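Below is one structure, written out as structure tokens; comments come after it.
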Amino acid sequence: MATVLKAAPISQQIVDDLAKQCSLLKKDGCIPCLKVILIGEHAPSVIYTRNKKKFMESIGAECEIIKLAEDVSEENFLNTLKTQAKDKSVHGLFVQLPLPKHLSHIDVGQLVPPEKDVDGFHAQNLYKLMAGDKGENALLPCTPKGVMTMLKHAGVSLEGKSVAVIGRSLIVGKPLSLLMTNYNATVTMCHSKTSNLKQVTKSSDIIVAAIGRAKFINSEFLRSEGDQILIDVGINHDSDGILCGDIDQNDVENKCALITPVPGGVGKMTIVSLGQNLITAATNQLEK
Ligand code: GUN
């Protein structure tokens, strides 16, 4: 039976730390403040942003969700973003994705100033990953940062390990591949056109599933030794409408060494990482 690596015990320790750092910042006259721009009523985005706000408030930070109508004009949206970008009392800022179709050509990651970029999407922050930074004090994309925190707490070293990252998104697959490479893993970034996917996954010590397809990875993708580590980044619903990941957890539970659950795994750590990024951003801005 695999070890199930849950987020809760890991996050509790970090939450306590963040709350302490937040109260120290307040003593120095800085109330860490996050602004989230949410456009429309996309149901998962409404839930995610609500959870992010709840988390920030639980560590003593301020968080406001600025709601804009689904059909907001490009001009109004950009003006809202610029106002928050300029406001010195705002330390962290992001736009919840996906954007509605009429705004999807806008690269919002580049419009948030790099020092407030708690998503870690700005070119200046992503470049640090390209350059080999391990990101301990940087604004890293939240899901990759959360995955690394979980592996560290589980005592998993990446040095010399082979990793299959399945998915090449800008939010998860690409930055996570770079980050793991910076920790001396040998990473194969796979995607929907990878022709020998099972061969790659079977030969990998760690498999990260970030493809957005319910229960896509099953025991057929694993080798028989039962020694692999499986990281499930997916948040999907199965055919019965039940929340599930990209890994068929029931099918693989006796065939791997360690697995992150869904729910209660990487998703929760993503929000914790956002909290860490907010405190880093506020600390950096106070020191300036
Ligand atoms: N939508 C889903 N995940 C994310 C994320 O990490 N950041 C933003 N801004 N939007 C998202």
Side-chain angles (χ1 to χ4, degrees), residues 7 11 34-56 63-68 70 72 77-78 80-81 84-85 90-101 103-126 129 135 138-150 165 167-179 208-214 231-237 243 245-246 260 262-263 265-278 280-281:
S11 75
L34 174 66
K35 295 282 178 105
V36 179
I37 299 177
L38 172 65
I39 306 171
E41 300 288 335
H42 178 246
S45 294
V46 171
I47 296 169
Y48 295 153
T49 51
R50 194 186 300 148
N51 289 343
K52 288 171 182 177
K53 179 174 162 68
K54 224 196 253 173
F55 182 86
M56 297 310 149
C63 179
E64 186 193 350
I65 301 172
I66 301 169
K67 292 185 180 159
L68 300 177
E70 179 82 31
V72 64
F77 166 57
L78 291 177
T80 305
L81 192 51
Q84 298 305 322
V90 175
H91 306 99
L93 172 63
F94 72 88
V95 181
Q96 184 68 23
L97 301 173
L99 291 173
K101 258 207 184 108
L103 300 176
S104 63
H105 60 284
I106 302 172
D107 190 353
V108 286
Q110 309 316 306
L111 300 177
V112 172
E115 70 277 10
K116 296 188 183 187
D117 170 35
V118 286
D119 255 340
F121 293 166
H122 193 282
Q124 205 168 302
N125 290 321
L126 285 173
L129 277 182
L139 298 178
L140 285 184
C142 296
T143 303
K145 185 179 171 82
V147 169
M148 298 303 285
T149 305
M150 294 183 95
V165 173
R168 55 179 160 179
S169 71
L170 191 58
I171 297 185
V172 184
K174 283 183 184 141
L176 182 59
S177 297
L178 286 170
L179 190 54
V208 181
I211 25 174
R213 290 177 66 178
I231 306 294
D232 196 344
V233 178
I235 301 177
N236 315 293
H237 288 93
L243 188 66
D246 287 352
T260 64
V262 177
V266 174
K268 192 171 167 66
M269 289 309 297
T270 297
I271 299 183
V272 173
S273 305
L274 185 68
Q276 290 175 307
N277 278 350
L278 177 65
T280 301

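Worth knowing before you read on, the calculation uses all heavy atoms, side chains too, and leaves out hydrogens, waters and symmetry mates. All values derive from a computational prediction rather than experimental measurement. Indexing begins at 1, ligand by ligand and atom by atom, following the structure's order.
Using a 4.5 Å heavy-atom threshold, the side chains of Phe77 and Leu111 count as separate. By the 4.5 Å heavy-atom criterion applied to side chains, Tyr48 and Ile271 are not counted as neighbours. Residues Leu93 and Leu81 have side chains in contact (heavy-atom distance under 4.5 Å, counting atoms from C-beta outward).
At the shortest separation from atom 4 (C) of ligand 1 among protein heavy atoms lies Ile171 CD1, 4.1 Å. The shortest contact between atom 11 (C) of ligand 1 and any protein heavy atom is with Gln96 NE2, 3.5 Å. The single protein non-hydrogen atom nearest to atom 8 (C) of ligand 1 is Asp119 OD2, 3.4 Å, given as residue, atom name and distance.
Short contacts between ligand 1 and Val95, defined as distances under 4.0 Å to a heavy atom of the residue, involve ligand atoms 8 (C), 9 (N).
Using a 4.0 Å cut-off between heavy atoms, Leu97 contacts ligand 1 through both its backbone and its side chain. With a 4.0 Å cut-off on non-hydrogen atoms, Thr143 does not touch ligand 1 at all.
Side-chain contact annotation: Gln96 with Lys52, donor-acceptor N/O pair under 3.5 Å present.
Checking Leu178, Leu170, Leu140 one by one against Leu126, the side-chain contact (heavy atoms from CB on, under 4.5 Å) holds for a single residue, Leu170.
For the pair Asn125 (side chain) and Pro114 (backbone), a donor-acceptor distance under 3.5 Å is present.
Among the atoms of Thr270, none of the N or O lies under 3.5 angstrom from an N or O of ligand 1.
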